[in-house]
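The structure appears below as structure tokens.
Below, each value reflects all heavy atoms present in this structure, side chains not excepted, and no hydrogens, waters or symmetry copies.
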Amino acid sequence: MAVTIALFASLLVAVLVLPVYFYLMYKKLSPYTENRFIARIFTFNYYRPYEKALKWTLRHGKLIIVCFIALIPMTYFIYQTVEKSRLPHISHDDTIMTVDWNSGISLEENDLRVHRLLSQVDSLTEQTTSMVGVQQFLMSHTKEITSSESVVYIKAKDAETLAKIEKRLTDYIAEKHPKALVTFQVSGNIFNMIFAEQGSPLVVQLHSKGGEAPTVEQVTELVGKIRKALPDVVVPPAVMEQNIRYIADVEAMAVYDITYDDIYGKMKNIISQNTLFRINQGGYSMPVTTGDSRAEASDILSGKVRNKNGVEIPLSMVIRETKGEDFKKLYSGSAGDYHPIALDVPDSDVKEVMKTIKQVVKEDKNFFVTFTGEYFSSRETIKELIIILLVAISLLYFILAAQFESVIQPLIILSEIVVDIFFVLLGLWLFGESLNIMSMIGLVVMSGIIINDSILKVDTINRLRKQGMSVLKAVFAGGHSRLKPIIMTSLTTILAIAPFLNRVDMGSDLQYPLSLSIIIGMTVGTLISLFFIPLIYYIIYRKR
């Protein structure tokens, strides 16, 4: 909207206001004379080297046309090579670390492990805040965690220090607690909460062929095979939790005259789950429970239940305890229940990783695999923006066809966009920037701005030909007369955008790929307008 409104305003000012200002300031100066001071500063005559370069271009026209045709498949190749993401990488100096120790540990042990973990990075952190175990907030602002999980906020001096912290913590956990699962995510500023990529680059979904939920043994075995097949990729273990099952002895209950409700009520009371009633007010509901505030597994069997005769019977005499492991979380989708494996894989390696995982799963008769993640959603977003770019180019063609009353000349002008897009993609790849929403917006904006130079060039050549000049003379004369305006307009645009290449905060991180796309496109596009467009015009119209 800002660009569109500004261009419309610029058009009105150029047509209605600037002629008036120019007339008022220069009406007494006739004929027009150059400013001597400015002429002394810019003494370099750049018309002569331009003419030499243009003559060389016309002499080697076939070579340049071959290079132009070769750019079309090369553009597709570089598009496949460059990294793709929804948004550009935004540097940050704080993070939220979530640790799942993946074992049945007490709250004290959890707290001790977090303390030891943070002591590894004491000298690097500026601030840390940890939440250990279940958080009993009425309106929690963090995700629900169990007693074997912890959430830690970490603040560092800068982004580089934060990367060191994350590396040190990950290595420590991998060495001391190999079964644990650690993840890092951007802390919640409002932009990241709404727009940032929340998922992993690649999520592997393991589905059971029979349609039922996969078992712990099957998943553990398959994850182990995947880990062996991908030694360079961090494959997180399956997150489990220890379950305790209490089985009532019916015969013992009959002997001691104890009902099932007696046992169940006593056990709920021990673990503080015996809800008497709830207090409801508006949208809030507060349960009122009886029992101790905390309980261990051993407290349950050591408890006593009173039978109808008033005799207290130890629970260990009427129930028995069994232990096992199961998934901490269950996942289901349109294809049924599945077990997800989140992989942090570079964009360029995703296809190879997917191929390897497919081969491993194919050898297992119990599973089939599907894939999701930001790798796919980012490409979907890029495809939508490519459609927008094609629509914009189509609109440009129709407008130019109406303006020049020609079918061929708009194609001459728009041919430079092919070259510009190739060099923009190449520049993004060389500078390590991804193809994202912001860089694609830069491509669309650049495509609309850069053809202005070519429009000026083609329009001038047309007018000179109408005055009787030959095509060759019109090409040189048009290049000479429009050289300075084209260079001036390109330089003003490039210099105006150049300050946004400085990356110092979240805003500049977002503007960087957009600015980089426009600057690369404008720089290359200026050369294309000065040399390539006259060459194409001359080749098409030289025999007319």
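Around CD of Glu384, the count of heavy atoms belonging to other residues, nucleotides or ligands within 6.0 Å exceeds 12. Heavy atoms of other residues, nucleotides or ligands lying less than 6.0 angstrom from NZ of Lys358 number 12 at most. Atom CZ of Phe376 sits in a crowded spot, with more than 12 heavy atoms from other residues, nucleotides or ligands closer than 6.0 Å.
Across all non-hydrogen atoms, the minimal contact from Tyr512 to Leu501 is CD1-O, 3.4 Å. Of all the heavy atoms in Pro340 and Val203, the pair that sits closest is CB-CG1, 4.1 Å. Residue Val82 comes nearest to Leu425 through the heavy atom pair CG2-O, 4.4 Å, listed as atom of the first residue, atom of the second, then distance.
Donor-acceptor pairing under 3.5 Å is recorded for the side chains of Ser377 and Glu374. Glu109 and Ser106 are not linked by any side-chain donor-acceptor pair at a separation below 3.5 angstrom, with hydrogens and angles left out of the test. One side chain, Ser529 or Glu416, offers a donor N or O that lies under 3.5 Å from an acceptor on the other. In this model, a donor atom of one side chain and an acceptor atom of the other lie less than 3.5 Å apart for Asp158 and Thr161.
Note that the CG atom of Leu206 and the CD1 atom of Ile226 stand 5.0 Å from one another [nearest 0.5 Å]. Rounded to the nearest 0.5 angstrom, Arg86 CZ and Thr381 OG1 are separated by 5.5 Å. The CD1 atom of Ile528 sits 12.0 Å away from the CD1 atom of Ile417 when rounded to the nearest 0.5 Å. Atom OG1 of Thr489 and atom CD1 of Ile494 lie 9.5 Å apart (nearest 0.5 Å). The CD atom of Glu83 sits 11.0 Å away from the OH atom of Tyr375 when rounded to the nearest 0.5 Å. For the atom pair Ile154 CD1 and Leu169 CG, the distance stands at 5.0 Å (nearest 0.5 Å).
Ring planes of His207 and Tyr338: tilted class, angle from 30 to 60°. In this structure, Phe532 and Phe68 have tilted ring planes: the angle between them lies in the 30° to 60° band.
At a threshold of 4.5 Å between non-hydrogen side-chain atoms, the residues Met97 and Thr183 do not count as touching. Looking only at side-chain heavy atoms (C-beta outward), Lys383 and Leu385 stay at 4.5 Å or farther from each other. In this structure the side chain of Ile421 reaches within 4.5 angstrom of the side chain of Leu389, judged on heavy atoms. Side-chain atoms of Tyr76 and Leu71, non-hydrogen and from C-beta on, never get closer than 4.5 Å to each other. Using a 4.5 Å heavy-atom threshold, the side chains of Leu124 and Arg168 count as touching. The shortest side-chain heavy-atom distance between Thr81 and Trp429 falls under the 4.5 Å cut-off. Inter-residue side-chain proximity for Asn102 and His177 is flagged as unmet; no heavy-atom pair is nearer than 4.5 Å. Between Ile386 and Tyr79, some side-chain heavy-atom pair lies under the 4.5 Å cut-off.
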Inset, instruction - Could you walk me through whether Asp337 and Ser208 pass side-chain hydrogen bond (donor to acceptor under 3.5 Å, both in side chains), step by step? - result: CA-CA 8 Å; Asp337 297 338; Ser208 177; over 6 Å; no

Inset, instruction - Show the numbers, then the answer: is there a salt bridge (charged side-chain N to carboxylate O under 4.0 Å, His left out) between Glu160 and Lys164? - result: CA-CA 7 Å; Glu160 293 182 2; Lys164 294 179 182 178; 5.9 Å; no

Inset, instruction - Give the intermediate values and the outcome of side-chain hydrogen bond (donor to acceptor under 3.5 Å, both in side chains) for residues Thr215 and Gln218. - result: CA-CA 5 Å; Thr215 64; Gln218 291 174 339; 3.3 Å; yes

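Between Lys155 and Asp93, at least one side-chain nitrogen of the basic residue sits less than 4.0 Å from a carboxylate oxygen of the acidic one, meeting the salt-bridge criterion. Taking a cutoff of 4.0 Å between a charged side-chain nitrogen and a carboxylate oxygen, Asp364 and Lys209 do not qualify as a salt bridge.
Under the side chain to side chain donor-acceptor pair (under 3.5 Å) rule, Tyr153 has a single partner from Thr128, Asp94, Thr95, Thr129, which is Asp94.
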